[in-house]
Amino acid sequence: MSVPAVGIDVGSTNVKVARVDESGVLQASAERPLTTRRDGDVVEQDAEATWAAVIDAVGEVADPSVGALAVCSQYSSIVPVGADLVPVAPMAMYDDQRGSDLCWALMGEHPDAFERFMEVHGIPPIGSGLSLGHLLHFQRERPDVHAVAAHYLEAMDYVVARLTGRPTATQNTMFTAQLNDNRSLGVTDYDDELLALSGVDRSRLPELVPVDAVVGPLRDAVADELGLPRGIGVRAGLNDSAAGGLAAGVLADGRVGIAMGTTAVVLDTVPDKRGDLEAELVSMPGARPDHYLASAENGIAGKAVEHGMALLDGSFAHLEAALAASEPGAGGVLFLPWMVGAVAPAGDRQARGGFLNVSLETTREDLVRAMVEGTAHNLAWLLPQVEGFTGQPCSSLVFFGGTARSPGWAQTLADVLGRPVSTLADPEVAVAVAVARHAQGADAEPVITRTYDPLPEAHERLQPAQEQFQAAWEALRPLHHALNA
């Protein structure tokens with residue numbers, strides 16, 4: 001019989017924690033904010049502050065009945081830690097560009113590097129925020145850090161290490177370090193050839209364990225601090241894409257997850273390792289040892305709307321009223337959400353966001369609606385590419401994340417996509433709940449609270465905007481490159 005469990009979801013903007021009962025039903029949740037420092041190519045977080053946020057949030061939901069813990073996090077974010085597992089430098093986040101030039105240099109030094117990384121791992125060594133670039137940056141450009149770093153850990157593995165005292169990783173969590181042979185699942189060692197090509201110091205890499213392993217018991221001191229029982233098991237970490245796949249139940253045929261918080265990600269499954277470099281679609285080892293996760297990063301989404309709302313002197317609390325006050329189509333205004341560059345289905349780090357077709361008749365509410373519709377247009381551009389990649393239709397769309405709290409956003413998504421969109425119960429903590437269920441050893445069926453059918457008139461009105469959204473991408477690329485070179 002399952003025991004109550006706690007799931008920890010470390011995002012880029014906050015830590016979310018959920019406690020579930022023996023049946024996997026949410027009993028309590030907590031959230032703590034995180035702060036990011038940005039300075040050109042440098043994007044960092046204080047990893048010690050992240051740990052403090054985890055301790056504070058877990059402490060709020062802790063209960064003596066809890067018998068298991070699990071952790072997921074955003075990924076491609078490296079924390080250098082000493083032998084005591086305390087950070088020796090800030091966490092390099094997934095959009096930190098340092099080390100990218102070192103990755104490209106590998107392909108100059110080794111003419112076969114591109115081909116071998118693609119064949120063995122699935123992604124070429126291009127940097128652009130991937131963990132391989134961060135590892136090379138710390139090793140080659142920060143010798144002061146490398147000298148005192150005992151391990152380089154992804155965010156979720158860092159939290160697991162602090163909980164258990166054991167630094168580990170999995171084929172899933174180390175995916176963007178690009179050092180595993182992903183042609184088969186269940187890998188628990190780094191690939192010798194990829195290590196040799198990259199030059200990464202193997203001695204600083206964490207031990208690899210199976211994706212479904214129990215890493216160890218909770219450390220006594222941490223248990224006492226949190227008010228949890230001593231000795232409870234802590235599962236190996238997951239990246240948040242894999243955890244989102246659990247939340248949406250993507251193992252079911254035709255069911256596709258749409259996770260939308262800071263960024264938007266489309267999630268499905270495929271039976272094997274595959275990739276579409278041009279569309280930036282990739283498969284990775286999933287949350288279970290028997291499947292690959294198909295993941296498509298669609299780029300900034302909720303964060304773009306949040307930023308725009310702040311500039312318009314509004315907040316998320318005003319979103320529903322703004323959507324209700326503007327008709328579908330936003331008075332002809334089109335919003336491009338690529339505020340830190342575009343990802344799938346067409347990547348370009350120099351692309352930027354903006355409004356098109358603003359007139360003197362445009363209202364603040366039109367701008368808000370245009371922002372929400374813009375994130376949906378970006379997804380509508382991506383979904384056919386995902387269907388081609390997986391070979392199966394996206395017939396059941398499960399929407400979760402902070403933005404799924406908004407009925408207006410869910411309806412807008414359905415209207416733009418022209419497909420029914422279902423929302424999960426407690427969508428803002430759905431991933432943390434799924435991680436807690438994972439700690440119990442159970443992947444429960446997602447709890448759907450409502451399904452939004454597309455409104456035919458709205459969908460028809462929004463189709464010309466979809467065409468122009470995709471046309472704007474190509475038309476504005478020269479301008480973006482000229483402005484951001």
Going by atom types only, do [X] and [Y] share a side-chain donor-acceptor pair under 3.5 Å?
X	Y	value
T36	Q45	yes
Q468	N357	no
T375	N378	no
D157	T173	yes

Practice task
Take the angle between the ring planes of W338 and H480 and call it parallel below 30°, perpendicular above 60°, tilted in between.
Solution key: perpendicular
Problem - V398 and its side-chain contact (heavy atoms from CB on, under 4.5 Å) partner, picked from I448, L267, V256, I258 - result: I448
Handout entry: Residue among V17, V54, D240 satisfying side-chain contact (heavy atoms from CB on, under 4.5 Å) with V10
Key = V54
Practice task
Would you sort out whether Q74 and N239 count as a side-chain hydrogen bond (donor to acceptor under 3.5 Å, both in side chains), showing the intermediate values?
Solution key: CA-CA 6 Å; Q74 46 83 13; N239 70 39; over 6 Å; no
Checking [X] side chain against [Y] main chain: does a donor-acceptor pair fall under 3.5 Å?
X	Y	answer
R19	A28	no
N298	A344	yes
W409	T403	no
E373	G329	yes
E457	L455	no
E154	S76	yes
S198	L194	yes

Exercise for the section: Take Q470 and Q466 through the side-chain hydrogen bond (donor to acceptor under 3.5 Å, both in side chains) test and state the conclusion after the steps. Expected result: CA-CA 6 Å; Q470 294 174 215; Q466 181 66 42; 2.9 Å; yes
Practice task
Just do the ring pair (Phe, Tyr, Trp, His ring centres under 6.0 Å) check on Y75 and Y94 with the steps written out, would you?
Solution key: CA-CA 7 Å; Y75 56 110; Y94 56 83; 8.4 Å; no
Handout entry: Ion pair R38/D95, N-O distance below 4.0 Å
Key = yes
Handout entry: Salt-bridge contact D41-R98 (side-chain N to carboxylate O under 4.0 Å)
Key = no
Problem - Ring-ring centroid check H134 Y152, cutoff 6.0 Å - result: no
Exercise for the section: List in chain and number order the residues that pass side chain to side chain contact (heavy atoms under 4.5 Å, CB included) with S283, two or more places apart in sequence or in another chain; answer none if no residue qualifies. Expected result: V270, K273, R274, Y292
Exercise for the section: Could I get the full list of side chain to side chain contact (heavy atoms under 4.5 Å, CB included) partners for D101, not counting sequence neighbours? Expected result: E141
Practice task
If a pair satisfies side-chain hydrogen bond (donor to acceptor under 3.5 Å, both in side chains) and one of its residues is in residues 253-265, list it, with sequence neighbours excluded.
Solution key: R255-E445
Problem - Stepwise side-chain hydrogen bond (donor to acceptor under 3.5 Å, both in side chains) check, D348 with H481 - result: CA-CA 9 Å; D348 190 335; H481 280 251; 2.6 Å; yes
Exercise for the section: Under the side-chain hydrogen bond (donor to acceptor under 3.5 Å, both in side chains) rule, what do N14 and E31 come out as? Steps first, then yes or no, please. Expected result: CA-CA 7 Å; N14 51 55; E31 182 176 330; 3.2 Å; yes
